[in-house]
Amino acid sequence: MNSIQIADKGFEIFLENDNICKRIRLIGIQLNLDYENRCPYFLGVLNGSFIFMADLLKEVTVSCEVGFIKISSYEGTESSGKIQQAFGLPDNLNERDVIVVEDIVDTGFTLGYIISEIKKQAPSSIKVCSLLLKPKALKSPIDELEYVGFEIENDFVVGYGLDYDGLGRNLKDIYKAKSV
Ligand code: 5GP
């Protein structure tokens, strides 16, 4: 299907599942080389990363642990801006090699917050593996962003774990919003 409708929005096909899986296989090869004999901790960020995490981990052959966190964000006062809170962050990341698994990095605010929370536990290393990155939306560079599936324009995308208003996470392919 090249075009779909989700609620009030039209979307067109952007990245097909085959293409996504091919890219993930390459990332897996890289991770297996980089983390040989290191037993990394893969930390997925819910909800969007669940399908990516599952497909990625099938390509990882090094011994590893897997967990998930959930970030909630809400508007604070004008001075504090957006307040974020992490739920389910494991407390045993000290001296571990942590790999944060994200669906998409947009402004980078969410990721910046997650990295700062993990750093409090003094891990040996932190790297980020994100399926998608919008380089033009990124507010400041993130040194830990080591593995990126696809760099995309500032379009709104849905599918393969990503939602529009709670819908569309189950789509196999990734779609982008049609410009109106
Ligand atoms: P950031 O903090 O980097 O601006 O935003 C990251 C979060 O915003 C992602 O984890 C995701 O939940 C959401 N997000 C950013 N861009 C998109 C997009 O194009 N589509 C969807 N579905 N979510 C997005």
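Side chains are part of it too, since the values below use all heavy atoms of this structure and drop only hydrogens, waters and symmetry mates. Order of listing sets the numbers, starting from 1, for every ligand and every atom in it.
- In this structure, atom 8 (O) of ligand 1 is not in close contact with the protein, since no protein heavy atom lies within 4.0 Å of it.
- If you look at Val158 next to ligand 1, there are no close heavy atoms at all, none under 4.0 Å.
- Under a cut-off of 6.0 angstrom, the local environment of NZ in Lys134 is crowded, with over 12 non-hydrogen atoms contributed by other residues, nucleotides or ligands.
- Residues Phe11 and Tyr164 bring their aromatic ring centres within 6.0 Å.
- In terms of protein heavy atoms, atom 2 (O) of ligand 1 is closest to Thr110 OG1, 2.5 Å.
- Within the 3.5 Å criterion, the main-chain N or O of Ala122 finds a donor-acceptor partner in the side chain of Asn94.
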* Criterion side-chain contact (heavy atoms from CB on, under 4.5 Å) on Leu26 and Arg23, from CA distance to verdict -> CA-CA 5 Å; Leu26 292 177; Arg23 184 72 191 102; 3.7 Å; yes

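- The contact set between ligand 1 and Glu102, taken as ligand atoms under 4.0 Å from a residue heavy atom, comprises 10 (O).
- Residue-to-ligand polar distances keep Val105 apart from ligand 1: every N/O pair is separated by 3.5 Å or more.
- The atoms of ligand 1 that sit less than 4.0 Å from any heavy atom of Asp155 are 19 (O).
- Taking distance alone, with nitrogen or oxygen atoms compared against 3.5 Å, Leu111 stays at or beyond that limit from ligand 1.
- One hydrophobic cluster holds both Met53 and Leu46 under the rule that ILVMFWY side chains link at heavy-atom gaps under 4.5 Å.
- Using a 4.0 Å cut-off between charged side-chain N and carboxylate O, Arg96 and Glu65 make a salt bridge.
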